[in-house]
Amino acid sequence: MKAPVRVAVTGAAGQIGYALLFRIAAGDMLGKDQPVILHLLEITPALDALKGVVMELNDCAFPLLADVVATDDANVAFKDVDYALLVGARPRGAGMERKDLLEANGKIFGPQGKALNDHAKRDVKVLVVGNPANTNALIAQQSAPDLDPKCFTAMVRLDHNRAMSQLAEKTGKHNTDIKKMIIWGNHSSTQYPDIHHATVDGTAATDLVDQAWYESDFIPTVQQRGAAIIKARGASSAASAASAAIDHMRSWALGTDEGNWVSMGIPSDGSYGIEPGVIYGYPVTCKDGKYAIVQGLEINDFSRARMDATEQELREERSAVEGLFAK
Ligand code: NAX
């Protein structure tokens with residue numbers, strides 16, 4: 001059996017946390033041969049609830065769960081961690097403008113970035129789930145000057161999975177038949193789900209669906225899926241978000257399948273003409289614990305306009321938070 005790795009989860013007593021921790025402890029994220037020590041971070045008022053979650057984790061008697069650390073101190077939560085899933089965030093309150101939301105989250109992700117900088121393993125893999133995920137990831141990254149900027153990623157995998165599921169349903173195939181889906185840009189309603197490179201059971205997706213469906217049905221459905229779930233369930237996506245977080249980390253740590261790729265929000269290096277530095281959804285392949293942007297894809301005018309629109313939103317978000325990086 002391998003030596004245990006340390007996995008931090010913030011917002012651990014929240015609804016995504018509740019759907020996430022048990023799957024990590026069961027080995028779904030890092031494999032059935034990889035023991036884990038869970039580091040759970042919550043705000044002080046949620047520590048009692050967190051205690052209950054820890055009791056349940058223990059009651060599962062998971063063979064792979066080596067230990068649990070539960071705390072309200074980020075310096076303890078991120079000590080020596082190999083993986084960090086930043087789920088806890090400040091939700092948008094009534095009458096809150098986007099700027100207020102970014103600022104409130106800056107107060108969370110700045111200090112957490114600094115704590116990761118000071119305490120985490122040097123090759124820590126950080127996934128930000130808490131919204132606005134891309135810009136929260138940027139704040140944490142900019143507050144961690146001693147860590148490689150590539151350690152910080154944001155989750156667009158739920159959007160990626162939603163897009164695969166929609167295309168599978170439309171074409172009467174299974175989601176395992178869908179390859180090479182892409183979510184470009186921000187995890188927000190400006191995200192661009194791109195099927196131009198996708199295949200369905202080996203056939204180009206664009207040969208199987210018409211442009212009207214793609215433009216007027218598929219794209220808005222994927223972009224607004226989160227809102228549709230809130231309307232139906234009376235609560236935001238939790239199990240599917242947790243599942244996507246598991247998928248994101250698993251791909252990053254254990255690699256992507258040959259002949260396929262996944263979408264990850266990562267620091268732009270200027271690929272595809274995107275402003276360097278913003279955390280942008282890209283198609284990536286992963287190998288040996290590292291991700292690489294898929295290069296050389298042809299981008300038509302339809303895609304270009306949408307990729308630029310979501311980039312513009314990320315540039316604006318970045319301008320709004322530039323003063324919030326923790327030093
Ligand atoms: P919950 O409100 O159920 O849970 C959040 C938890 O975070 C709470 O227990 C809270 O006490 C804790 N928390 C708040 N501030 C904290 C801090 N500074 N340190 C540690 N813990 C803190 O929300 P949940 O439904 O679990 O969603 C969590 C986040 O995921 C939200 O920001 C949500 O918008 C975001 N989502 C992101 C998605 C994505 O695809 N990137 C999809 C799902 C989800 O909407």
Side-chain angles (χ1 to χ4, degrees), residues 8-21 39-54 69-78 84-93 96 98 101-116 126-140 143 152-163 183 185-191 193 222-231 233-249 262-266 279 281 326:
V9 178
T10 75
Q15 56 151 3
I16 294 176
Y18 196 69
L20 181 60
L21 300 176
H39 287 221
L40 310 181
L41 181 68
E42 258 298 348
I43 51 173
T44 314
L47 282 180
D48 272 344
L50 185 61
K51 202 182 282 174
V53 175
V54 174
V69 176
T71 177
D72 59 359
D73 181 349
N75 297 314
V76 174
F78 296 139
L85 295 90
L86 309 188
V87 178
R90 176 76 194 277
R92 189 187 287 251
M96 221 175 172
R98 191 165 72 159
L101 182 73
L102 288 164
E103 266 178 28
N105 278 291
K107 291 192 184 119
I108 296 174
F109 288 86
Q112 289 187 358
K114 184 167 187 330
L116 283 161
V126 182
L127 166 62
V128 176
V129 174
N131 282 319
N134 299 53
T135 296
N136 286 343
L138 179 74
I139 294 169
S143 306
F152 290 84
T153 68
M155 189 163 95
V156 294
R157 187 64 171 267
L158 179 55
D159 310 298
H160 181 102
N161 289 347
R162 286 167 170 168
I183 304 294
N186 202 1
H187 169 69
S188 76
S189 58
T190 67
Q191 66 173 266
V222 175
Q223 288 173 332
Q224 285 149 34
R225 186 69 162 180
I229 286 174
I230 293 174
K231 192 158 172 261
R233 203 173 87 87
S236 57
S237 342
S240 55
S243 197
I246 298 260
D247 288 346
H248 176 115
M249 283 305 211
V262 297
S263 304
M264 283 170 70
I266 59 169
I279 308 287

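Keep in mind the model is a prediction, meaning the values are calculated, not measured. Atoms within a ligand are numbered from 1 in the order they appear, just like the ligands themselves.
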> Apply the side chain to side chain contact (heavy atoms under 4.5 Å, CB included) test between N131 and each candidate in R90, H187, M155; give the one that qualifies.
H187

> Among all the protein's non-hydrogen atoms, which is closest to atom 34 (O) of ligand 1, and how far away is it?
N131 ND2, 2.8 Å

> Measure the distance from atom 41 (N) of ligand 1 to every protein heavy atom, then report the residue, atom name and distance (to 0.1 Å) of the closest one.
V129 O, 3.2 Å

> Write out the residue and atom name of the closest protein heavy atom to atom 4 (O) of ligand 1, then the distance separating them to 0.1 Å.
G14 CA, 3.2 Å

> If you have a sec, work out which protein heavy atom is nearest atom 12 (C) of ligand 1 and how many Å separate them, to one decimal?
E42 OE1, 3.2 Å

> As an exercise, identify every atom of ligand 1 less than 4.0 angstrom from a heavy atom of S236.
25 (O)

> Can you report which non-hydrogen protein atom sits closest to atom 17 (C) of ligand 1, along with the distance?
I43 CG2, 3.6 Å

> Just let me know how Q15 lines up against ligand 1, side chain, backbone, both or neither, with a heavy-atom cut-off below 4.0 Å.
both

> Taking heavy atoms and a distance under 4.0 Å, where does I108 meet ligand 1: side chain, backbone, both or neither?
side chain

> Please check: side-chain N/O of R233 versus main-chain N/O of S236, any donor-acceptor pairing under 3.5 Å?
yes

> Would a 4.0 Å cut-off, counted as strictly less than, catch a protein heavy atom around atom 2 (O) of ligand 1?
no

> For atom 40 (O) of ligand 1, grab the closest protein heavy atom and report residue, atom and distance to one decimal in Å.
H187 CE1, 3.0 Å

> How far is atom 26 (O) of ligand 1 from the closest protein heavy atom, and which atom is that?
I16 N, 2.9 Å

> Does only the side chain of S237 get under 4.0 Å from ligand 1, or the backbone, or both, or neither? Count heavy atoms.
backbone

> Give the residue, atom name and distance (to 0.1 Å) of the protein heavy atom nearest atom 21 (N) of ligand 1.
G11 N, 3.3 Å

> Going by the order shown, which atoms of ligand 1 are within less than 4.0 Å of some heavy atom of A13?
9 (O)

